[in-house]
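Reading through the structure tokens given below for one structure.
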2 protein chains.
Amino acid sequence: MRPRAFDEEQALDAAMRVFWEKGYEAASLTELTQRMDIRKPSLYATFGDKRELFERALKRYTERHAAYVEQVLEREDQTIPAFAGLLRDTAAGGSGGDPALGCLAVLTLDELGAAEPDLAAQALDHQLRLAALFRRKIEKGIGSGELSRELDAEASAGAVLVSLIGLTVMLKAKPPSAFIDAAIATTLTLLKEEKR
Amino acid sequence: MRPRAFDEEQALDAAMRVFWEKGYEAASLTELTQRMDIRKPSLYATFGDKRELFERALKRYTERHAAYVEQVLEREDQTIPAFAGLLRDTAAGGSGGDPALGCLAVLTLDELGAAEPDLAAQALDHQLRLAALFRRKIEKGIGSGELSRELDAEASAGAVLVSLIGLTVMLKAKPPSAFIDAAIATTLTLLKEEKR
DNA sequence: GCATTTACATACCGATCGGTACAAAACGAA
DNA sequence: TTCGTTTTGTACCGATCGGTATGTAAATGC
């Protein structure tokens, strides 16, 4: 049997990038095959139809993004500097290199929330997994004494996640950097101490 | 001359709703004309091409949404209850009636941020206008003594806006209501007092 | 060397996309 | 009524959409 002439992982990476840049609808088979450097029959034989390809690309994205977020959070031992790093890195382009790239999971929620509930659920799962990462980091901060013992780790994690999502959306256009900086700084105060 | 047989405002409302539900790409001329109850030549004669129609629909949306937000904020005299009302109303469906509808301006940022910078800028302007509304309401709360004089109204307004955006995105899928409730409650603590 | 199997590239499919040409129909002005 | 103007409905346009049929080239087992 003849072996395939392209690397499947590499092609999937290219597809992920196209979907990331354009979204599901606007990513045409023409552009996908060009950027993946394969022809349509190879694509369909290897990945199935466009929707299945997207599903795999999204899964790949969420895995990589979760790993990226986890790594950034672990770069700093202290909790607040860690989140400061995450938010600032995201505002500076994050794992994609361009602040206006945004997040594929967020785009999926937004673009396909109504038409493709399964894909939206997959994207939502990713966000909830990020929230769980956040929670663990916050709990670590509480345990070490850095953060107040009154802090609700679960709720704070959710609020920070929601802010991160909102931030990535705004970064799709070019908001004043003062706005972004202030929003980040204020979001971080969520971790500073518990008020009622 | 023959008068037009449809109401322009009413047709534009229908178009706005279609774009709101589907986004720019997925809103086909077929569905648009059906829901607007006009034929394509009438659409093109009245509104120009699809992009111009979208621009007018987006403008209409942002005006209405800003008015809605302002009204909700003014429903409560106190600042914190006012924002609590806004966030909870949004989580319950907001002006569109369905939590999963989301926000057309957010969707525009996300879907068209790269391909249509002008439309994205229009959507971003809307968000910044909301932030200005928030700021005024916060300043009022500071003036009345409800909120701490240490609070940075501008920065807090931005952070609340970012949270609102993130919230509407998450609501596109069906997140656990406990998650949403907690995120809202935690976001509100941003206004409770200034910490550094 | 040969048969088999798999992947490849080309060329094509019906459907739908956004957008228009055209002629009938409906009004206001005369 | 008749003319002139504008809107309307139908029917159509080329382009592109996602997806495939087909024939050929390439690699392996025998």
Side-chain angles (χ1 to χ4, degrees), chain A residues 1-59 104 107-108 111-112 114-119, chain B residues 1-59 104 107-108 111-112 114-119:
Chain A
M1 337 95 190
R2 176 179 177 179
R4 58 169 47 112
F6 64 92
D7 183 75
E8 186 172 331
E9 305 291 303
Q10 202 170 315
L12 189 53
D13 276 347
M16 179 190 81
R17 185 77 187 194
V18 175
F19 283 126
W20 194 356
E21 292 171 8
K22 307 263 182 161
Y24 180 77
E25 302 271 5
S28 70
L29 270 281
T30 302
E31 177 160 13
L32 282 166
T33 52
Q34 279 177 2
R35 302 264 301 265
M36 296 167 82
D37 195 27
I38 63 176
R39 260 46 57 186
K40 286 198 225 170
S42 300
L43 191 157
Y44 278 84
T46 309
F47 300 102
D49 63 10
K50 186 186 180 187
R51 203 211 120 116
E52 287 180 66
L53 174 62
F54 180 81
E55 202 164 340
R56 288 193 54 181
L58 175 59
K59 180 169 187 188
L104 178 56
L107 179 53
T108 301
E111 184 187 11
L112 302 177
E116 299 277 356
D118 293 349
L119 295 175
Chain B
M1 337 103 184
R2 179 178 176 176
R4 60 169 46 115
F6 64 93
D7 183 77
E8 186 172 331
E9 305 291 303
Q10 200 170 316
L12 188 54
D13 276 346
M16 179 190 81
R17 185 77 186 194
V18 175
F19 283 126
W20 195 356
E21 292 171 9
K22 308 263 181 163
Y24 180 78
E25 303 270 5
S28 70
L29 269 282
T30 301
E31 178 160 11
L32 282 166
T33 52
Q34 279 175 4
R35 303 263 301 265
M36 297 168 81
D37 195 28
I38 62 176
R39 260 47 60 186
K40 284 198 229 173
S42 300
L43 192 157
Y44 278 84
T46 309
F47 300 102
D49 63 10
K50 186 186 180 187
R51 203 211 119 118
E52 287 180 67
L53 173 63
F54 181 81
E55 201 164 340
R56 287 193 53 181
L58 175 59
K59 180 167 187 189
L104 178 56
L107 179 54
T108 301
E111 185 187 9
L112 302 177
E116 299 277 357
D118 293 348
L119 295 175

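Naming: A, B, ... by sequence-line order, numbering from 1 per chain.
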Student check: side-chain heavy atoms of B/F19 and B/L32 closer than 4.5 Å: yes

Phosphate-side-chain proximity, B/R39 and D/dT8, N/O vs OP1/OP2 below 4.0 Å: no

CZ on A/R35 to NZ on A/K22, rounded to 0.5 Å: 7.5 Å

Where A/Y44 and A/D49 come nearest, the two heavy atoms and their spacing: CE2-CA, 3.6 Å

A/E55 and A/R51 ion-paired at < 4.0 Å: yes

Identified stems (criterion: three or more consecutive Watson-Crick or G-U pairs, under 3.5 Å), DNA chain D: C:1-30 with D:1-30

Sugar-phosphate, base or nothing in reach of B/P3, heavy atoms under 4.0 Å: sugar-phosphate

Sugar-phosphate, base or nothing in reach of A/A45, heavy atoms under 4.0 Å: nothing

Distance-only donor-acceptor test, B/R2 side-chain atoms vs D/dT6 base atoms, 3.5 Å: no

Contact under 4.0 Å: B/S42 side-chain N or O vs D/dT7 OP1/OP2: no

Charged N-O contact under 4.0 Å between A/E21 and A/R17: yes

For the student: nearest non-hydrogen atoms of B/E52 and B/F47, plus distance: CB-O, 3.3 Å

Cation over ring face, B/K50 and B/Y24, 6.0 Å, 45°: yes

Touch class at under 4.0 angstrom, heavy-atom based, for A/A27 against every strand present: sugar-phosphate

First-last contacting nucleotides on DNA chain C - partner chain B, under 4.0 angstrom, heavy atom: C/dC17 to C/dG28

Spacing of CZ belonging to B/F54 relative to OG1 belonging to B/T108, to within rounding of 0.5 Å: 3.5 Å

Comparing A/K40 and B/G48 on DNA chain C - which has the more 5′ nearest nucleotide: A/K40

A/L29 CG to D/dT20 C1', straight-line distance once rounded to whole Å: 12 Å

Rounded distance in Å - CG (B/D37) to P (D/dT7): 17 Å

Nearest non-hydrogen partners of A/A14 and A/M36, listed with the distance: CB-CA, 3.8 Å

Distance in angstrom units between B/Y44 OH and D/dT10 P, rounded: 18 Å

